[in-house]
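Working notes, beginning with the structure itself.
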Amino acid sequence: MVKRILFSALAFTATLLAQGNPDWHRAIPGFKIAGNLYYVGTADLAVYLINTPQGNILINSNFEEDVPTIRASIEKLGFKYSDTKILLISHAHGDHDAATGVIKKDTGAKLMVMDADVADEESTARGRPGAKVDRVLHDGDTVELGGSKLTARLTPGHTKGCTTWTMQVQDGGRTLNAVIIGSPNVNNGYILVGNTQYPQIAEDYVKPFPVLKSLPCDLFLGAHGAYFGMLAKLEKMKPGVNPFIDPSGYREYVAEREKTFRNEWEREKKNPGSRMGQK
Ligand SMILES: [Zn+2]
């Protein structure tokens with residue numbers, strides 16, 4: 001019991017420390033990634049806009065304090081915030097979904113969430129958005145608007161309904177496969193062995209890797225800019241050069257994350273309850 005409280009305290013401390021990451025709330029100008037796919041998030045918390053003739057899809061809301069930044073990026077790109085028709089999330093953690101209720105209220109967008117994250121999305125517990133989910137998604141479901149189609153892939157572990165979004169983007173006569181990774185990461189304070197609240201957590205964490213490896217990927221993207229080196233790639237972007245087209249970077253990232261997860265799992269199997277603030 002004491003251990004459990006200690007781990008909860010550590011998890012809470014880790015959250016507080018992470019909220020100190022200045023890139024989480026630092027505004028950067030929105031930009032076009034490719035075709036009708038745009039980045040309208042902060043310097044690290046990724047928000048994607050898919051522009052269609054029937055309105056826009058947004059993936060992720062970030063924290064409530066980030067909404068004015070997201071809105072400004074949308075409008076500076078020439079779109080209307082009020083044209084947000086569908087709101088999706090990478091997974092039910094506050095850095096990606098705390099403001100879903102606010103954006104829903106502002107725009108009337110329909111919120112669509114993977115089945116296993118719905119309870120956390122609708123929860124009114126501290127830090128949860130308490131947002132009503134309009135459509136419950138299942139692995140492989142598609143979300144369509146104005147000729148654009150996204151596919152929801154269940155990549156659980158990080159949260160029970162953690163979702164990787166894929167879509168095809170038409171860009172300069174080419175078709176590019178975009179993959180927006182939900183998260184394959186084991187956060188500080190997570191317990192992989194003997195987790196009473198999420199007993200199958202480690203078995204779930206295994207599942208995303210074959211899925212991610214099977215996906216065709218040209219545009220390597222994710223819930224945090226840090227997953228795919230967003231800021232460095234943005235600096236290198238120029239006409240005719242799109243560093244976000246990075247299939248080998250994608251494969252390397254997935255392989256490295258799988259190795260890191262498996263190492264951590266093995267370590268915890270040998271020392272259950274030993275997890276302490278590992279990055
Ligand atoms: Zn998360």
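Here the structure is a predicted model, which is why all the values come from computation and not from measurement.
Under the 6.0 Å cut-off for aromatic ring centres, Phe244 and Tyr39 do not qualify, their centroids lying 6.0 Å or more apart. Side-chain rings of Phe63 and Trp24 approach one another, their centers coming within less than 6.0 Å.
In terms of hydrophobic clustering, with Ile, Leu, Val, Met, Phe, Trp and Tyr side chains grouped at heavy-atom distances under 4.5 Å, Ile74 and Ile180 are assigned to different clusters. Hydrophobic cluster membership is shared by Leu221 and Val143, with clusters built from Ile, Leu, Val, Met, Phe, Trp and Tyr side chains linked at under 4.5 angstrom. In terms of hydrophobic clustering, with Ile, Leu, Val, Met, Phe, Trp and Tyr side chains grouped at heavy-atom distances under 4.5 Å, Leu49 and Ile33 are assigned to different clusters. Cluster membership check: Met230 shares its hydrophobic cluster with Ile50, using side-chain heavy-atom separations under 4.5 Å among Ile, Leu, Val, Met, Phe, Trp and Tyr. Using a 4.5 Å cut-off between side-chain heavy atoms of Ile, Leu, Val, Met, Phe, Trp and Tyr, with links allowed through other members, Ile59 and Val67 fall into different hydrophobic clusters.
By the side chain to side chain contact (heavy atoms under 4.5 Å, CB included) test, Asp218 pairs with Leu176, Asn177, Ile245, sequence neighbours left out. Evaluation of the side chain to side chain donor-acceptor pair (under 3.5 Å) rule for Asn62 yields no partner, not counting sequence neighbours.
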Subject >> Test log, rule side-chain contact (heavy atoms from CB on, under 4.5 Å), inputs His224 and Leu45 >> reply: CA-CA 5 Å; His224 287 265; Leu45 299 180; 3.3 Å; yes
**OP:** Could you go through the side-chain contact (heavy atoms from CB on, under 4.5 Å) check for Met237 and Asn242 one step at a time?
**Re:** CA-CA 5 Å; Met237 197 139 178; Asn242 189 337; 3.7 Å; yes
Original post:
Can you check side-chain contact (heavy atoms from CB on, under 4.5 Å) on Val133 and Glu122, steps first, answer last?
Top reply: CA-CA 7 Å; Val133 172; Glu122 295 191 333; 3.5 Å; yes
Subject >> Worked check of side-chain contact (heavy atoms from CB on, under 4.5 Å) between Lys149 and Met167 >> reply: CA-CA 6 Å; Lys149 182 163 89 174; Met167 72 175 291; over 6 Å; no
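Side-chain contact between Thr42 and His25: absent, with no pair of heavy atoms (C-beta onward) separated by less than 4.5 Å. Counting only heavy atoms from C-beta outward, the side chains of Ile57 and Leu88 approach each other to under 4.5 Å. Using a 4.5 Å cut-off on side-chain heavy atoms (C-beta onward), Asp120 and Thr159 make no contact. Using a 4.5 Å cut-off on side-chain heavy atoms (C-beta onward), Asp141 and Met112 make no contact. At a threshold of 4.5 Å between non-hydrogen side-chain atoms, the residues Pro208 and Pro156 count as touching. Within the 4.5 Å cutoff, no side-chain heavy atoms of Lys259 are placed close to those of Phe209. Between Val113 and Asp97 there is no side-chain heavy-atom pair separated by less than 4.5 Å. Between Arg26 and Leu231, the closest side-chain pair of non-hydrogen atoms falls below 4.5 Å.
Considering all non-hydrogen atoms of both residues, Ser61 and Ala99 come closest at OG-N, 3.0 Å. Of all heavy-atom pairs between His96 and His91, the closest is CD2-NE2, 3.1 Å. A pairwise comparison of heavy atoms in Ala109 and Asp134 identifies O-OD2, 4.1 Å as the closest pair. Of all non-hydrogen atoms in Gly130 and Thr124, the two that sit nearest each other are CA-CG2, 4.1 Å. Here the shortest heavy-atom pairing between Thr142 and Glu144 reads OG1-OE2, 3.7 Å. Summarising the geometry of Ala98 relative to Pro129, their closest heavy-atom pair is O-CB, 3.6 Å, with the distance given to 0.1 Å.
Not a single donor-acceptor pair under 3.5 Å links the side chain of Asp23 to the backbone N or O of Asp44. In this structure a side-chain-to-backbone donor-acceptor pair under 3.5 Å is missing from Tyr81 to Ile70. Remark: side-chain polar atoms of Glu121 are not paired, donor with acceptor, to backbone N or O of Ala92 under 3.5 angstrom. Looking at Tyr190, its side chain does come within 3.5 Å of a backbone N or O of His158 through a donor-acceptor pair. When atom types are taken as modelled, the side chain of Tyr205 and the backbone of Gln200 share no donor-acceptor pair closer than 3.5 angstrom. In terms of modelled atom types and a separation under 3.5 Å, the side chain of Asn195 and the main chain of Gln197 share a donor-acceptor contact. A distance-only check finds no donor-acceptor pair linking the side chain of Trp165 to the backbone of Gly182 [under 3.5 Å].
Taking a 6.0 Å sphere around NZ of Lys236, one finds it holds 12 or fewer heavy atoms contributed by other residues, nucleotides or ligands. Counting heavy-atom neighbours within 6.0 Å of Lys233 NZ, excluding the residue itself, gives a total above 12.
Under a cutoff of 6.0 Å and an axis angle of 45°, Lys160 and Tyr198 form a cation-pi pair.
Distance check: Ile181 CD1 to Ser90 OG gives 10.0 Å after rounding to the nearest 0.5 Å. Here Leu137 contributes atom CG and Leu154 contributes atom CG; the two are 11.0 Å apart, rounded to the nearest 0.5 Å. Atom-to-atom distance recorded for Leu145:CG and Ile86:CD1 is 4.5 Å, nearest 0.5 angstrom. The CD atom of Gln170 sits 12.0 Å away from atom CG of Leu37, with the distance rounded to the nearest 0.5 Å. Rounding to the nearest 0.5 Å gives a distance of 9.5 Å between CG of Asp66 and CG of Asp95. Here the straight-line distance linking atom NZ of Lys85 with atom CG of Leu58 works out to 12.0 Å at 0.5 Å rounding.
Ion pairing of Asp106 with Arg71 is absent here, as no side-chain N (NZ or NE/NH1/NH2) approaches a carboxylate O to less than 4.0 Å. Between Arg262 and Glu258, at least one side-chain N (NZ, or NE/NH1/NH2) sits under 4.0 Å from a carboxylate O, which counts as a salt bridge.
Using cut-offs of 30° and 60° for the angle between ring planes, the Tyr48 and Phe228 rings count as tilted. The aromatic rings of Phe220 and Tyr253 sit tilted relative to each other, their planes meeting at an angle between 30° and 60°.
When Asn51, Asn36, Asn56, Thr52 are each tested for a side-chain hydrogen bond (donor to acceptor under 3.5 Å, both in side chains) with Ser148, only one passes: Asn36.
Counting only N and O atoms by type, the side chains of Tyr227 and Ser183 include a donor and acceptor under 3.5 Å apart. Counted by atom type alone, Thr155 and Thr164 present one or more donor-acceptor pairs between their side chains at under 3.5 Å. Side-chain atoms of Asp117 and Thr163 include no donor-acceptor pair closer than 3.5 Å. When only modelled atom types and interatomic distance are considered, Thr260 and Glu256 share a side-chain donor-acceptor pair under 3.5 Å.
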